[in-house]
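Because the structure is predicted, anything quoted here is derived from the model rather than measured.
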Amino acid sequence: MRQELRNAFSTPRFWIALAAMITCLFGFSLPTWIIRVSQGDRLYMDGLNQGFSPIFFGGAILIFPFLAVLPYATSQVDEIRTGFIHTKGIRASTLKYALGKVIPVALSGAAVMGLAVLVHSIFWNIVAGPHDPIARPNTSVSMPAGTVYESLMQTPYAWKAFLHAIIGFTITGAVWSVVGLAIAAWLPDKILAISVPVALYFFGAYRLPYHLFGIKAPTPSALYNDGQYWHVYFTAVGLHVLVFCAASFLYYRGIRRRLKNA
């Protein structure tokens with residue numbers, strides 16, 4: 001597993017995905033800062049406004065599933081198509097092989113998302129200043145009553161809100177990276193290993209299960225997006241755990257099938 005961990009965090013795809021998410025976040029917040037400061041709106045801006053604007057209104061939600069899957073799913077495809085999977089399968093049991101993949105992949109997907117939000121949040125809290133509506137009432141932010149962020153933003157400098165967003169990105173990144181790994185085990189094609197998880201993510205984002213079958217379920221972004229109530233959030237946590245376990249099991253079965261039929 002140590003080698004797999006090194007591979008997960010040393011591959012160029014990991015750094016490309018991390019850089020792409022950071023670029024996506026700053027690509028929205030930085031122009032907003034420049035324009036509004038030039039217009040004399042500096043008094044209305046702080047670390048909270050700048051930190052969350054690209055998460056709620058930018059392209060982070062749209063690019064999320066692609067970057068979560070990118071670091072490792074395609075390398076699994078390479079292992080299967082080159083036959084290197086059988087060499088590794090001889091050295092360890094199927095379960096050990098699967099765990100040696102799932103854990104590093106989940107950690108790499110979590111790191112891509114969590115680190116990007118962490119870097120972005122720290123930057124704007126330094127540059128724009130921390131959220132302090134008492135000292136700077138013009139920066140006060142109102143959220144719908146009873147929602148997750150409405151209560152978390154009441155803490156000093158809204159630190160719980162930032163922590164909530166970082167944890168939400170981290171968990172969601174881990175889950176969808178393993179979904180991509182499971183797809184790669186059954187459909188060893190680089191395009192499908194990326195596009196299928198992305199399609200599933202957007203099926204959930206646009207509430208396709210509800211429109212087709214009447215099933216109400218939290219969206220894939222429910223762990224970090226705004227407008228979520230606590231009961232929906234806890235349902236989303238359970239759903240993410242379920243998806244993670246299901247994806248891990250499907251990956252194990254897919255790998256076992258390939259090793260058995262070698």
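When the ring-ring contact (aromatic ring centres under 6.0 Å, His included) test is applied to F9, the partners found at least two apart in sequence or on another chain are F14. Residues forming a side chain to side chain contact (heavy atoms under 4.5 Å, CB included) with P144 (at least two apart in sequence, or on another chain): T147, Y229. Take S29 and apply the side-chain hydrogen bond (donor to acceptor under 3.5 Å, both in side chains) test, not counting sequence neighbours, and it matches H120, W124. Taking D132 as the reference, nothing meets the salt bridge (Lys or Arg N to Asp or Glu O under 4.0 Å) condition, with sequence neighbours excluded. Listed by chain and residue number, P65, F66, I194, F202 satisfy the side chain to side chain contact (heavy atoms under 4.5 Å, CB included) test with V198 (two or more places apart in sequence, or in another chain). Not counting sequence neighbours, S248 has no partner by the side-chain hydrogen bond (donor to acceptor under 3.5 Å, both in side chains) test. Take K160 and apply the salt bridge (Lys or Arg N to Asp or Glu O under 4.0 Å) test, not counting sequence neighbours, and it matches no residue. In terms of the side-chain hydrogen bond (donor to acceptor under 3.5 Å, both in side chains) criterion, Y149 has no residue partners (sequence neighbours excluded). Taking the side chain to side chain contact (heavy atoms under 4.5 Å, CB included) definition, one finds that I191 meets it with D189, S195, sequence neighbours left out. A search for side-chain hydrogen bond (donor to acceptor under 3.5 Å, both in side chains) contacts involving H131 returns D46, not counting sequence neighbours.
Across all non-hydrogen atoms, the minimal contact from I80 to A184 is CD1-O, 3.5 Å. Heavy-atom minimum distance, G204 versus T219: O-CG2, 3.9 Å. Minimum heavy-atom separation, A68 to G173: CB-O, 4.0 Å. Nearest approach of V77 to A193, heavy atoms of both residues: CG2-CB, 4.0 Å. Closest of all the heavy-atom pairs between I183 and V196 is CD1-CG1, 3.7 Å. Across Q154 and E150, no two heavy atoms sit closer than the pair NE2-O, 3.0 Å.
Ion pairing of E79 with K101 is present here, as a side-chain N (NZ or NE/NH1/NH2) and a carboxylate O approach within less than 4.0 Å.
A donor-acceptor contact shorter than 3.5 Å links the side chain of S177 to the backbone of V105. With R256 contributing its side chain and T94 its backbone, the two residues share no donor-acceptor pair below 3.5 Å.
Sorted by first and then second residue, the salt bridge (Lys or Arg N to Asp or Glu O under 4.0 Å) pairs with a member in residues 10-38 read R36-D41; sequence neighbours excluded. Among pairs with a residue in residues 234-257, those fulfilling ring pair (Phe, Tyr, Trp, His ring centres under 6.0 Å) read W230-F234, at least two apart in sequence or across chains.
Centroid-to-centroid, the aromatic rings of F52 and F162 come within less than 6.0 Å.
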